[in-house]
Structures are given as C-alpha cells and as structure tokens.
A.B. asks: 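I'd like to ask you about the structure that follows.
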Amino acid sequence: MKITDVTLTMFRWEDLPAALPKKHSVQPSNSSQIGLLRIGTDEGVDGHAFLGTSNRSAEIDALSLMTYLKPVVMEQDPLARERLHEKMIFLQNNTTMRAIGAVDVALWDIGGKVAGLPIYQMLGSYRESIPAYVSSPRLATVEDYAAEAAEMKSAGWAAYKIHPPAEDIHEDIEVCKAVRAAVGDDYQLMLDSIWAYDYPGALEVGKAIQDLGYHWYEDPLAGDDIFNYVKLKQQLHIPIMATEHSPGGFTAYAPWLVHQATDYLRGDVAVKGGITAVMKTAHLAEAFHINYEIHHGGNSLMNVANLHCAMAIKNTEMFEVLLPTALQKYGLVQDIEADADGNVHAIKEPGLGAQIDFDLIESNKVAVLA
C-alpha cells in the first residue's frame, strides 16, 4: 500500500457566537476556516483529519502542511506511522505541530480502516467510557461563573473547570470562592489560569484554591517557566498541571519530569503532534506513576482522535468538553455527546469512526489545496 494523494479542502465555519477573549487570546471573528485533510492510497483506503479551530483558521497551518509534510508521506507506506512521524517531527521548525498532528491522525485513520478496528482497540483498549468535565469560557461576572457551575453540576457533569478573567488575582480568587459556594464541598472543581500569573500571584491563587478543595491547578505560569513551576510545586499540595503548550514535541516533556516541575502532564493530538505523540507521552507519564490529562482537540474530528486515546490509556481521569459548544462542534454528522450520567463512550467503527458531514463541507468549500 502506498500514499498516492494528499489534499486539504478548506471550508467556512460562519456565524460563530461572540465570546469574551481569554487571557493571551484576542476576540475571535464570527468566522473561521477548517481544513479537511484527506490522505489517499492506491488501495482506495482514505484517512482524514481536521485542521483549524473556531479561533485559529486552518489557513495558518495549511501551507506548511502541504509544502513540507506532503512530500514526506507521498509514495510511502501509510502503515509506517512511526517512521513517518519521526520524519515529520524532524521538520517541526519548518511546519507546525498542528500540521504534524493532522497528518498523523489521518495515518491512524487509514490504519484502523485497514485493520477493521477502531483506533482505540488498535492502541490497546483500556475502557469503553470515561467521565466528562466541562471547561468554562471566560465569563463577564463572578455571578455568571457561579451560575454556570451550578447548572453543570445539575446536568450531571463529572466536574467543572474555570477559565477565569485572569486580569487580577483577587478577582480570580473571588470567582473560585463563589463557584465553590454554588456547587458545595463535594463537587470536583479545577482552575485553568491560562499562563496568566507571575510566581507571587500564582502562589497566592494556589493557596486559596487548595484551601477550597480544588482538584488541580492548571497553567498558572508561563508555559516555558520550569524554574518557577519547581518553586511553586514545592510550596503547594494541590496538584499542578503544566505542559499543555510547553515548547517542543514529545521529548520536551523530559525536563518537566526530571525537575519535578508538574504533577500531571498535559497535551492533545492537535497541539502535540498526533496520536503517536500522545500515546508516547501517556506511557512516559505512566512510568512515573502520574496522569496524562488530554486537552480538548480544538475541532470535532481531532477531538474524536483524543477520545480514542483516552479509551486506550489508564492514566487519564476525565475527558474535557469546552464551552460554549457552538465554538467547538462543526463538521461531523454526529459529534461526541455525554450521556445522562456525564460519561462519553468509545466509538466502535473502524479508524476514527466518526461520520464526516461531506455535504456541509462541500456547501461551504472555499478551496482545495492539492
């Protein structure tokens, strides 16, 4: 089997709802573009992935994918994922991790279809379902956070994670206090501060939320600030989660473990280089008896790939669902949905197993890069 074709169909995602920008982001426009990556083979088996998000158009990554990664995989065996991933990672200074992640996911889709198995079973299935938690958008007021958290608890979600305003640590602490009061002491809460604080601020917020019984403390410091993460971890007993956007690929996790700078590792197929990289990291974390918590995939099909990974590893606790859903779900006939008990379930069709909405893509097609 050989790869004979690589195309990227760009399609519009319009009428996106307005949202308050999170820290280190800008107000997204009301439209974006998603890319449907298709890798074709001489045996008629195609693999797919999506590129882009509601606030990061696929245009940003598309050209480097087609310029640098397409030549790497053309005429190659699509089942040689390990070798192809190594070659793509070698080119990460010329392309992007998101582009590498999309190609890797499409190759796994081919592999699953050839084997007649869903990807999570190819990886070695560990579970058939996993609890899901919701991550808040940035909200306007303390009261808005408290109300949303109470609503999510009533709806049966396993936990609620706050993305705070992240402009003033005292406001963020007030949000955390109000949310805890709204849901009671027995409900799981987390805080993702979006790399917003310096060390003194991170320490003050961390002490506050550990006294409130929060489950983990995510990304309080800059993504490359290992020095201050080590100091922070020494001062707090609440588990710290870093590395979501720490620079580099799979091997860049090593210093975080060696220096004991974080309690959990973090990543997803879109931002860390695909299913291959996610599974390597999960097993690396397992060797240190720590969790690898999987971040949302940024778009619907990459999030399906994340779900397969979550079903194949034991050291991940919950599956992330970002709010509002109108900014996360697009391009599939049926997206991932939690059941009444707040669990999401394995997809059991071969490959990724998701039904892509080709009619929607065709009606919103902008261009085909070939």
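Every value quoted in this text rests on a predicted model; they were computed, and no experiment measured them.
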A.B. asks: Do any N or O atoms from the side chain of H259 and from the backbone of A261 form a donor-acceptor pair under 3.5 angstrom?
C.D. replies: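 Between the backbone of A261 and the side chain of H259 there is no qualifying donor-acceptor contact (under 3.5 Å).
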A.B. asks: Is NZ or CZ of K314 both nearer than 6.0 Å to the six-membered ring centre of Y292 and within 45° of the ring axis?
C.D. replies: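 So K314 doesn't make the cation-pi contact.
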A.B. asks: Hydrogens and angles aside, do S135 and E320 bring a side-chain donor and acceptor to less than 3.5 Å of each other?
C.D. replies: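 Result is yes, a qualifying pair exists.
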A.B. asks: Between E86 and R83, is the closest basic N to carboxylate O distance under 4.0 Å?
C.D. replies: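 Looking at E86 together with R83, the answer is no, because their closest N to O distance does not fall below 4.0 Å.
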A.B. asks: Considering only heavy atoms from C-beta outward, does the side chain of T41 approach that of K2 to under 4.5 Å?
C.D. replies: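 Result no, sub-4.5 Å side-chain heavy-atom pair not found.
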A.B. asks: To the nearest 0.5 Å, tell me how far Y253 OH sits from S246 OG.
C.D. replies: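 Reported value, rounded in 0.5 Å steps: 5.5 Å.
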A.B. asks: Please examine the side chains of H163 and I194, heavy atoms only from C-beta on, and report whether any two atoms are closer than 4.5 Å.
C.D. replies: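 Yes. Closest side-chain heavy atoms under 4.5 Å.
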A.B. asks: Please collect all salt bridge (Lys or Arg N to Asp or Glu O under 4.0 Å) contacts where either partner lies in residues 45-68, sequence neighbours excluded, each pair once.
C.D. replies: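 For residues 45-68, and leaving out neighbouring residues, the salt bridge (Lys or Arg N to Asp or Glu O under 4.0 Å) pairs sorted by first residue read R38-D46, R56-D61.
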A.B. asks: List the atom pairs, with distances to 0.1 Å, where a side-chain N or O of residues 279-290 and a protein N or O form a donor-acceptor pair under 3.5 Å, not counting sequence neighbours.
C.D. replies:
unit_1 : atom_1 : unit_2 : atom_2 : d
K280   : NZ     : E82    : OE2    : 2.6
T281   : OG1    : A277   : O      : 2.8
H283   : ND1    : M279   : O      : 3.2

A.B. asks: Could you tell me whether the side chain of I313 reaches within less than 4.5 Å of the side chain of I294, counting heavy atoms only?
C.D. replies: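 I294 vs I313: side chains touch.
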A.B. asks: Pick from I240, T262, D224: which one makes a side chain to side chain contact (heavy atoms under 4.5 Å, CB included) with Y229?
C.D. replies: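 Running side chain to side chain contact (heavy atoms under 4.5 Å, CB included) over I240, T262, D224 with Y229 returns exactly one hit, I240.
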A.B. asks: Less than 4.0 angstrom from a charged side-chain N to a carboxylate O is my criterion; do R180 and D211 meet it?
C.D. replies: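 Between D211 and R180 there is no salt bridge, as every charged N stays at least 4.0 Å from the carboxylate O atoms.
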A.B. asks: Are the charged groups of E43 and K113 less than 4.0 angstrom apart, N to O?
C.D. replies: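 So E43 does not pair with K113 through a salt bridge.
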A.B. asks: Could you check if a side-chain atom of K272 sits within less than 4.5 angstrom of a side-chain atom of I100, using non-hydrogen atoms only?
C.D. replies: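 A side-chain contact under 4.5 Å is absent here.
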A.B. asks: Strictly by modelled atom types, are E218 and Y264 linked by a side-chain donor-acceptor pair under 3.5 Å?
C.D. replies: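 No, Y264 and E218 have no side-chain donor paired with an acceptor closer than 3.5 Å.
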A.B. asks: So E244 and D219, do their side chains get closer than 4.5 Å, heavy atoms only?
C.D. replies: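 Yes, side chains in contact.
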A.B. asks: With rounding to the nearest 0.5 Å, note down the distance linking CG in D109 to CD1 in I356.
C.D. replies: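 One finds 7.0 Å between CG of D109 and CD1 of I356.
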A.B. asks: Roughly how far, to the nearest 0.5 Å, is the CG atom of N291 from the CG atom of D263?
C.D. replies: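 Nearest 0.5 Å value for the CG-CG distance: 10.0 Å.
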A.B. asks: With rounding to the nearest 0.5 Å, note down the distance linking OH in Y120 to NZ in K348.
C.D. replies: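 Answer for the OH-NZ pair, Y120 versus K348, is 4.5 Å.
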A.B. asks: Could you go step by step and tell me if F319 and H345 meet the ring pair (Phe, Tyr, Trp, His ring centres under 6.0 Å) rule?
C.D. replies: CA-CA 10 Å; F319 188 77; H345 295 265; over 10 Å; no
A.B. asks: Quick one: are the ring centres of Y133 and H215 less than 6.0 Å apart?
C.D. replies: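 When the ring centroids of Y133 and H215 are compared, they turn out to be at least 6.0 Å apart.
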A.B. asks: Regarding K231 and the six-membered ring of Y199, is the cationic atom NZ or CZ under 6.0 Å from the ring centre and inside 45° of its axis?
C.D. replies: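 Yes, a cation-pi geometry.
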A.B. asks: From L221 CG over to Y197 OH, what is the distance, rounded to the nearest 0.5 angstrom?
C.D. replies: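 One gets 10.0 Å once the value is rounded to the nearest 0.5 Å.
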A.B. asks: Testing V183, V134, V321 one by one against M152 for a side chain to side chain contact (heavy atoms under 4.5 Å, CB included), which residue passes?
C.D. replies: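 Looking at V183, V134, V321, the match for M152 under the side chain to side chain contact (heavy atoms under 4.5 Å, CB included) is V134.
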A.B. asks: Examine W195 together with H245 and report whether their ring centres are nearer than 6.0 Å.
C.D. replies: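 Here the rings of H245 and W195 have centres that are less than 6.0 Å from each other.
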